[in-house]
Amino acid sequence: MEVKVIIFGLLAVAALLVLLQFVARPVKLLWKLVLNSAAGLALLLLFNFFGAWFGASLPINLVTILLVGFLGLPGMAVLLCVQFFIL
């Protein structure tokens, strides 16, 4: 009877570890998204602060923050191209 309890306990621990891996991966990605979005917001705020001297500004909303957060400086360049050449 003790061998069955030990085997069941080991299987339960293994199942718990697998479950934690499935939960930890999305949480890690969500945390990365939050940090990149905060960096994108900071970059947009800096651009709007210094761009005001030259008459350039970009809107700050969820789409622009996420775009700059995901793509970084190339995302900022895409927003500037859209702002000046298309709109």
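Worth knowing before you read on, the calculation uses all heavy atoms, side chains too, and leaves out hydrogens, waters and symmetry mates.
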Problem set entry | Inter-residue atom distance L33.CG - L29.CG, 0.5 Å rounding | 9.0 Å
Exercise. Going from CG on L58 to CG on L45, what distance comes out if it is rounded to the nearest 0.5 angstrom?
Worked result: 11.0 Å
Exercise. Between CE of M76 and CG of L79, what distance do you get to the nearest 0.5 Å?
Worked result: 7.0 Å
For this session: Apply side chain to side chain contact (heavy atoms under 4.5 Å, CB included) to the pair V78 and V68, showing each step before the final yes or no.
Result: CA-CA 9 Å; V78 167; V68 175; over 6 Å; no
Problem set entry | Closest non-hydrogen atom pair between P59 and Q83, with its separation | CD-OE1, 4.0 Å
Seminar exercise, completed: Heavy atoms of F50 and F54 approach each other most closely as O-CD1, 3.6 Å
Problem set entry | Spatial distance of atom CZ (F85) from atom CG (L80) [nearest 0.5 Å] | 9.5 Å
For this session: Find out whether L16 and V13 are in side-chain contact, i.e. whether some heavy atom of one side chain is under 4.5 Å from a heavy atom of the other.
Result: no
Exercise. Please walk me through it: do V18 and F22 pass side chain to side chain contact (heavy atoms under 4.5 Å, CB included)?
Worked result: CA-CA 7 Å; V18 169; F22 283 122; 3.6 Å; yes
For this session: Measure the OG1-CG distance between T64 and N61 for me, rounded to the nearest 0.5 Å.
Result: 4.0 Å
Exercise. Got a donor-acceptor contact below 3.5 angstrom from the N36 side chain to the L66 backbone?
Worked result: no
Exercise. Does L62 belong to the same Ile/Leu/Val/Met/Phe/Trp/Tyr cluster as W31, with side-chain heavy atoms less than 4.5 Å apart forming each link?
Worked result: no
For this session: Quick one: pull up CD1 in I60 and CD1 in I65 and give me the separation to the nearest 0.5 Å.
Result: 6.5 Å
For this session: Measure up the W53 and F49 rings against each other and bin them: parallel (under 30°), tilted (30 to 60°), perpendicular (over 60°).
Result: tilted
Exercise. When you measure from the side chain of S37 to the backbone N and O of G69, does any donor-acceptor pair fall under 3.5 Å?
Worked result: no
Exercise. Is any side-chain heavy atom of L11 less than 4.5 Å from a side-chain heavy atom of I7?
Worked result: yes
